[in-house]
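Written below as structure tokens is the structure these notes are about.
Note that these values count all heavy atoms, side chains included, but never hydrogens, waters or copies made by symmetry. Being a predicted model, the structure only gives us computed values, none of them experimental.
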Amino acid sequence: GKCVTMADVERPVDAPVVTAVSTDGGADGGTGGWRQQLWLQPPFAGLWAGRDAFAAVDALDGEVFRQRDGRRTFRCEIGGRGYFVKIHHGIGWGEILKNLLVGRTPILGAGNEWQAIHRLTAIGIDTMRAVAFGQRGWNPARRHSFLITEELAPTISLEDFCREWGQQPPQSPAQVALKHALIRRVA
């Protein structure tokens, strides 16, 4: 296929590197049949220049938060900054069919979260900041994808912040106002 890349074009240091390779030889993929998509911002654009980004992301390691069904989420540090890395390897047709038979949409890669970040940002909702995304392979059962986001620090998850509310719901006017503000912010 034909490779369309901005990596060789003179650009500012903080500009993302975007690569797309189509299966039909056309730069736009014609039928939308992308075999590979890659979007890298610093520091990954520089660290992985001239390297296979998919092999590079698979070589990263850190504190694992979740690992199952061909997916792994972990935190790592690069250049003193924290990042969350989500890697998806194909889950196979058996797992896809099992999910569909029980009425669940199978998670086929990092693309859904990548799109959600962009949609939330577009409508003005604060969310995590993606710094790297890639997916390759047209077969959804074997697709390899990844998403890297900047660590949100210092923060506490909403789940952890509200954990005690089941046993001790907010009662003071300030606590109730905070609860309502949180609801407005995330609803």
Side-chain angles (χ1 to χ4, degrees), residues 1-7 15-45 47-76 78 83-123 125 127-152 157 159 186:
K2 182 176 178 184
C3 180
V4 178
T5 180
M6 295 177 63
V17 172
V18 180
T19 303
V21 180
S22 72
T23 57
D24 68 351
D28 67 354
T31 61
W34 291 107
R35 183 168 44 96
Q36 177 173 303
Q37 293 175 295
L38 184 61
W39 182 86
L40 303 173
Q41 284 197 313
F44 301 98
L47 289 172
W48 296 346
R51 295 177 57 199
D52 177 354
F54 294 89
V57 78
D58 281 341
L60 291 175
D61 202 7
E63 178 186 359
V64 175
F65 283 78
R66 184 171 192 166
Q67 186 164 353
R68 62 178 288 231
D69 298 334
R71 299 186 307 238
R72 183 167 66 118
T73 302
F74 60 94
R75 181 191 178 279
C76 69
I78 296 174
Y83 297 93
F84 276 88
V85 181
K86 296 174 184 181
I87 302 173
H88 295 255
H89 289 277
I91 59 174
W93 285 110
E95 188 67 23
I96 291 171
L97 292 173
K98 183 176 89 174
N99 277 276
L100 293 172
L101 288 173
V102 296
R104 280 193 308 241
T105 303
I107 297 172
L108 302 175
N112 289 349
E113 190 167 353
W114 167 251
Q115 291 170 357
I117 289 170
H118 285 281
R119 287 184 185 131
L120 290 169
T121 302
I123 61 173
I125 296 177
T127 188
M128 42 193 159
R129 184 174 171 274
V131 291
F133 168 76
Q135 78 178 356
R136 69 177 170 192
W138 61 269
N139 180 344
R142 298 183 56 205
R143 185 173 297 142
H144 183 191
S145 63
F146 66 88
L147 175 66
I148 303 177
T149 58
E150 291 179 338
E151 176 180 48
L152 300 174
S157 74
E159 178 183 8
V186 299

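- Residues G109 and S145 come closest through the heavy atom pair CA-OG, 3.2 Å.
- The two atoms that bring F146 and F133 nearest to each other are O-CD1, 3.2 Å, heavy atoms only.
- Smallest separation of non-hydrogen atoms from V64 and F74: CA-CB, 3.8 Å.
- A distance of 8.0 Å separates CG in N99 from CD1 in I107, rounded to the nearest 0.5 Å.
- Across all non-hydrogen atoms, the minimal contact from C76 to V85 is SG-CG2, 3.8 Å.
- Separating the CG atom in L60 from the CZ atom in R75 is a distance of 13.0 Å, to the nearest 0.5 Å.
- Here the OG1 atom belonging to T149 is positioned 7.0 Å from the CZ atom belonging to F84, to the nearest 0.5 angstrom.
- A distance of 8.0 Å separates CD of Q41 from CD of E150, quoted to the nearest 0.5 Å.
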Under the salt bridge (Lys or Arg N to Asp or Glu O under 4.0 Å) criterion, do D58 and R72 qualify, and how do the steps go? CA-CA 10 Å; D58 281 341; R72 183 167 66 118; 5.6 Å; no

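- The ring pair (Phe, Tyr, Trp, His ring centres under 6.0 Å) with F54 is formed by just one residue from the set H88, H89, H144; it is H144.
- Below 30°, between 30° and 60°, or above 60°: for W114 and H118 the angle between ring planes is above 60°, a perpendicular geometry.
- Here the closest heavy-atom approach between residue A141 and residue I96 is recorded as CA-CD1, 3.7 Å.
- Taking 4.5 Å as the limit, some side-chain heavy atom of W48 sits within range of a side-chain heavy atom of V57.
- The neighbour count for R142 CZ, taken as heavy atoms of other residues, nucleotides or ligands under 6.0 Å away, does not exceed 12.
- Here the CZ-CD1 distance, from R71 to I87, works out to 13.0 Å after rounding to the nearest 0.5 Å.
- Shown here for R51 and A56, the closest heavy-atom pair between the two residues is NH2-CB, 3.7 Å.
- Atoms CG and CD1, on L147 and I117 in that order, are 4.5 Å from each other to the nearest 0.5 Å.
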